Amino acid sequence: MTDTPHHLSGELTETGHRLIQRVYYEDTDFSGVVYHARYLHFLERGRTDYLRLLGVEQGSLVLEEDREGLVFVVHRMEIDFKAPARMDDILTILTSTEKAGGAKMILKQEIRRGEQLLIAARVIIAVINAQGRPRRLPEALATRFLARAQELTGVV
């Protein structure tokens, strides 16, 4: 794992992950409102830092020589735009695991400004090998993702 200070990656919570981000000028359109496609960047940062804090470094997974490699790719994303974010807003990106097993994971994500829900997303992640073929999520990784989901739901 890299020597990046963990505070830059947000924090794990009992339900998943929380990342705080500021909206910059580059994130907005001419009116000062966040451009719709920029929300994908915020959501990606949330997912990546969630993995990082769970001890999953994506770059090393694909390069492992003793295995077939492991890559996570977005297969499907459903996004509900509830309200706009604006320049200088402080956003909270929340990520939690709904399912992890087989050849996919399902993550739920939200972007909030304070208590106000701005974006709700459901992201289906395909698990593939280095050659782009589906592969099973290793049990040890599924357990890491599901531990947070089990704490939330009480299901073991």
Side-chain angles (χ1 to χ4, degrees), residues 1-62 70-128 137-138 140-156:
M1 209 146 105
T2 63
D3 294 330
T4 304
H6 285 306
H7 68 277
L8 295 176
S9 298
E11 64 180 336
L12 291 175
T13 67
E14 64 259 357
T15 59
H17 178 260
R18 175 181 23 242
L19 179 66
I20 307 297
Q21 296 277 281
R22 180 183 304 276
V23 174
Y24 292 101
Y25 179 77
E26 68 184 15
D27 300 317
T28 64
D29 62 17
F30 66 92
S31 69
V33 171
V34 171
Y35 181 65
H36 72 279
R38 293 299 287 188
Y39 290 108
L40 297 175
H41 295 254
F42 291 121
L43 294 170
E44 176 65 32
R45 290 175 196 158
R47 290 191 307 275
T48 298
D49 284 333
Y50 180 39
L51 294 174
R52 181 175 286 119
L53 290 182
L54 286 174
V56 179
E57 194 165 324
Q58 294 181 80
S60 64
L61 290 176
V62 72
L70 180 73
V71 180
F72 300 121
V73 295
V74 173
H75 173 70
R76 179 182 175 92
M77 183 180 286
E78 300 167 5
I79 302 175
D80 290 323
F81 295 89
K82 306 287 189 180
R86 300 183 185 283
M87 191 166 60
D88 289 329
D89 281 352
I90 303 298
L91 305 179
T92 302
I93 298 100
L94 301 169
T95 305
S96 61
T97 304
E98 181 180 308
K99 177 185 187 283
K104 74 177 176 182
M105 294 189 302
I106 301 174
L107 301 177
K108 292 170 108 178
Q109 292 192 276
E110 294 181 351
I111 298 178
R112 293 182 170 268
R113 179 181 48 232
E115 295 299 315
Q116 184 182 19
L117 177 63
L118 305 179
I119 300 291
R122 187 169 185 260
V123 185
I124 299 174
I125 306 292
V127 182
I128 62 173
L137 182 64
L141 286 179
T143 300
R144 282 190 219 174
F145 290 111
L146 291 173
R148 296 284 168 188
Q150 291 168 352
E151 290 172 17
L152 173 63
T153 62
V155 176
V156 180

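Computed from a prediction, not measured in an experiment: that's the story for all the values here.
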ask   = Do NZ/NE/NH1/NH2 and the carboxylate oxygens of Lys108 and Glu110 come within less than 4.0 Å?
value = no
request  = State, with a plain yes or no, whether a side-chain heavy atom of Glu26 is found less than 4.5 Å away from one of Arg38.
outcome  = yes
ask   = Stepwise, does the side chain to side chain contact (heavy atoms under 4.5 Å, CB included) test hold for Thr28 with Tyr35?
value = CA-CA 5 Å; Thr28 64; Tyr35 181 65; over 6 Å; no
task = Considering non-hydrogen atoms only, spot the tightest contact between Gly46 and His17 and give its length.
result = O-ND1, 3.6 Å
task = Report yes or no: does Arg52 contribute a side-chain atom to a donor-acceptor pair with the main-chain N or O of Ser9 at less than 3.5 Å?
result = no
inquiry  = Is any side-chain heavy atom of Arg86 closer than 4.5 Å to one of Val23?
reply    = no
Residue pair Arg112 / Glu115: nearest heavy atoms and the distance that separates them = NH1-O, 2.6 Å
note = Between Arg47 and Thr95, the two heavy atoms sitting closest are N-OG1, 4.1 Å
request  = Kindly indicate, with the supporting measurements, whether the criterion side chain to side chain contact (heavy atoms under 4.5 Å, CB included) is fulfilled by Thr97 and Ile106.
outcome  = CA-CA 6 Å; Thr97 304; Ile106 301 174; over 6 Å; no
query = Does the side chain of Ile93 reach to within under 4.5 Å of the side chain of Arg45, using non-hydrogen atoms?
reply = no
query = Quick one: are Leu40 and Ile79 in side-chain contact, heavy atoms under 4.5 Å?
reply = yes
inquiry  = Donor-acceptor pair, distance only, cut-off 3.5 Å: does the side chain of Arg113 make one with the backbone of Pro84?
reply    = yes
Where Leu137 and Ala100 come nearest, the two heavy atoms and their spacing = CD2-CB, 4.0 Å
key: Contact check, side chains of Phe72 and Val127, non-hydrogen atoms, under 4.5 Å   = yes
note = Closest non-hydrogen contact found for Leu141 with Leu70 is CD1-CD2, 3.3 Å
query = Is the closest side-chain heavy-atom distance between Ile111 and Thr92 below 4.5 Å?
reply = no
ask   = Nearest 0.5 Å, what's the CG-CD distance between Leu43 and Gln109?
value = 4.5 Å
request  = Evaluate the criterion side chain to side chain contact (heavy atoms under 4.5 Å, CB included) for residue pair Leu118 and Lys82; output intermediate values, then yes/no.
outcome  = CA-CA 5 Å; Leu118 305 179; Lys82 306 287 189 180; 5.6 Å; no
remark   = One should read off an interatomic distance between Asp80 CG and Arg122 CZ, to the nearest 0.5 angstrom, of 11.5 Å
ask   = With side chains defined as the heavy atoms from C-beta onward, is the minimum distance between Asp27 and Phe42 less than 4.5 Å?
value = yes
ask   = Looking only at heavy atoms, what is the nearest atom pair of Leu91 and Ala85, with distance?
value = CD2-CB, 3.9 Å
query = Can you say whether the rings of Tyr50 and Phe145 are parallel (under 30°), tilted (30 to 60°) or perpendicular (over 60°)?
reply = perpendicular
